[in-house]
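Below you'll find the structure, written out as structure tokens, and then a few comments.
A, B, ... follow the sequence lines: proteins, then strands. Residue 1 opens every chain.
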There are 2 protein chains.
Amino acid sequence: MPRPPAAREKLLAAYCEIVAGEGERAATLDAVAERAGVSKGGLLYHFKSKDALADAVIEGLHETAAADRELMAAAPEGPARYFVRGSLEATSDVDTYFNAVLRLATAQHPGATDALAAIHNEWLALIRDEVGDEAVAEAIMLIGDGLYYHAALPGAGDAASTASHFRSRVEHVLEQVEVLRAAAARQR
Amino acid sequence: MPRPPAAREKLLAAYCEIVAGEGERAATLDAVAERAGVSKGGLLYHFKSKDALADAVIEGLHETAAADRELMAAAPEGPARYFVRGSLEATSDVDTYFNAVLRLATAQHPGATDALAAIHNEWLALIRDEVGDEAVAEAIMLIGDGLYYHAALPGAGDAASTASHFRSRVEHVLEQVEVLRAAAARQR
DNA sequence: GTCTATAGTAAGATAGAC
DNA sequence: GTCTATCTTACTATAGAC
């Protein structure tokens, strides 16, 4: 692909990080420009407006999510476990974008919620194919969403404490997922 | 109790509604005052600052959550089902406050995350007492959190579509909860 | 392609009249 | 207790130099 200018990438990453880490409100043009090491004028050359910045993040989510979807489909432990584990870790490229877009969604940015829903449905489809039962697939998704809810919440005593609590229990959670899957298999 | 002035209540409700419905950013002093039918000066008589408004919402959450906790503990269907169902409905007093505080938490308001975590732990304790197994209790909580994550997200095609999707499946979800509970009981 | 300077606007908060 | 008027600051965005 025609490699986009480095400054543009830096600005996008900076915006993403501030939105995800300090909230949408903190992501002012000044703050983004400063974090990227660029002037405000420079920022506005690459992105005509603040909204354009947000739109670019949504596009970035779609791209990284497509790549991650391949990994999920091919995961040795299976899509369900891959998904649940990923909901907790939140360290990959997709997670950065996903997190930022989640904040944009709660800030009512047009298109953000739709993007989240679309990706969510792709994940659900993969899990449904694996476990072969709609209700179980949804329950597994909900557990993953629940984990994500905790991971995405800005830290009580900071994110690390909650995250580490669940990390130490992620295997227990995955066991419960296994119980659901087994019960569904028995019924078929 | 010494009934607080009506205007104060109106202002608090207006702020809550805007934060939950249009995002924290939309809840400007002007917007809140207008919705409550009060001038900005009037608002600032009751709440010295915007932060004071947010703090009052957090306090409101604690009060309503304490009342709801009684209902949950005494629910005929049991705390677990009460919790899962409540995560989807999000129509009660607590839900209004909880939703607003969730937005405040993502906007990094001090104390908001702690308030959510505290209430969350009370719920978890009730469910743990009921099902008698920590891992299962956590899995059930996660399912509820997942439902809430969907319910709280501003609507894809609007909240109604997602909510009604899960409403029609809430019994299926509760069945999965039952599977987990039964499996845990069998192990003891 | 990136900068400085600046215009225009919206938001939080104060002061003082009623 | 509620209002109007006003001050101040911070943010988005434009214009034009380098």
Side-chain angles (χ1 to χ4, degrees), chain A residues 1-58 60 100 103-104 106-112, chain B residues 1-59 100-101 103-112:
Chain A
M1 0 176 170
R3 165 176 302 278
R8 208 195 118 102
E9 295 298 291
K10 268 194 167 178
L11 285 161
L12 197 56
Y15 176 72
C16 242
E17 286 163 20
I18 297 175
V19 168
E22 299 165 50
E24 192 270 338
R25 199 159 196 189
T28 64
L29 297 185
D30 281 298
V32 173
E34 189 188 331
R35 180 178 258 246
V38 174
S39 77
K40 218 186 330 189
L43 191 171
L44 286 160
Y45 168 79
H46 291 288
F47 300 95
K48 288 184 89 73
S49 71
K50 224 193 156 193
D51 271 14
L53 213 33
D55 290 340
V57 172
I58 293 177
R103 304 301 173 101
L104 292 177
T106 78
Q108 307 265 90
H109 185 89
Chain B
M1 356 175 175
R3 165 176 302 278
R8 208 195 118 101
E9 294 298 290
K10 267 193 166 179
L11 285 161
L12 198 55
Y15 175 73
C16 242
E17 285 163 22
I18 297 175
V19 168
E22 298 165 51
E24 191 270 339
R25 199 159 196 188
T28 64
L29 296 184
D30 282 298
V32 173
E34 189 188 331
R35 181 177 257 248
V38 173
S39 76
K40 211 177 351 178
L43 191 170
L44 286 160
Y45 169 78
H46 291 287
F47 301 96
K48 288 183 89 75
S49 72
K50 224 194 157 193
D51 271 14
L53 214 32
D55 290 340
V57 172
I58 293 177
E59 205 194 306
V101 175
R103 304 301 172 102
L104 292 177
T106 78
Q108 308 265 88
H109 185 89

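Residue B:His46 has its side chain nearest to D:dG1 when only D:dT12, C:dA13, D:dG1 are considered. With C:dA11, C:dT14, C:dC3 as the choices, the nucleotide that has an atom nearest any side-chain atom of B:Leu44 turns out to be C:dT14. For B:Arg25, taking side-chain heavy atoms from C-beta onward, the closest of the listed nucleotides C:dG12, D:dC11, C:dT4 is D:dC11. Distance from the side chain of B:Ser39 is smallest to D:dC3 among D:dT12, D:dC3, C:dA13.
Of the options A:Arg25, A:Glu34, A:Arg35, A:Glu24, a side-chain contact (heavy atoms from CB on, under 4.5 Å) to A:Ile18 is made by A:Arg35 and by none of the others.
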Dump the pairs, protein N or O against N or O of nucleotides 8-10 of chain D, anything under 3.5 Å, distances to one decimal.
none

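How far SG of A:Cys16 is from CG of A:Leu11: 12.0 Å, rounded to the nearest 0.5 Å.
Between C:dT2 and A:Tyr45, no contact under 4.0 Å exists linking OP1 or OP2 to a side-chain N or O.
With contacts defined as side-chain heavy-atom distances shorter than 4.5 Å, the pair A:Phe47/A:Leu12 qualifies. By the 4.5 Å heavy-atom criterion applied to side chains, B:Val101 and B:His109 are not counted as neighbours. Contact annotation: the side chain of A:Val19 never approaches that of A:Val57 to less than 4.5 Å [non-hydrogen atoms, C-beta and beyond].
Residues A:Lys50 and A:Ala27 come closest through the heavy atom pair CE-O, 3.0 Å. Nearest heavy atom pair, residue B:Arg8 against residue B:Ala56, reads NH2-CB, 4.2 Å.
Summarising the geometry, the separation between NZ on A:Lys48 and C1' on D:dT12 is reported as 14 Å, rounded to the nearest angstrom. Atom pair A:Asp51:CG and D:dA13:P shows a separation of 7 Å (rounding to whole Å applied). For A:Leu43 and D:dC11, the CG to P distance is 14 Å, given to the nearest whole Å. Protein atom CG of A:Asp30 is 13 Å distant from nucleotide atom P of C:dC3, rounded to whole Å. For the pair A:Phe47 CZ and C:dT2 C1', the computed distance is 15 Å after rounding to whole Å. Atom-to-atom, CD of A:Glu34 to P of C:dC3 comes out at 13 Å; the value is rounded to the nearest Å. If you measure from atom CD of A:Glu9 to atom P of C:dT2, you get 12 Å, rounded to the nearest angstrom. B:Lys50 has its NZ atom 8 Å from the P atom of C:dA13, to the nearest Å.
In this structure, A:Val38 and B:Ser49 both approach DNA chain C, and ranking their closest nucleotides by distance from the 5' end singles out A:Val38.
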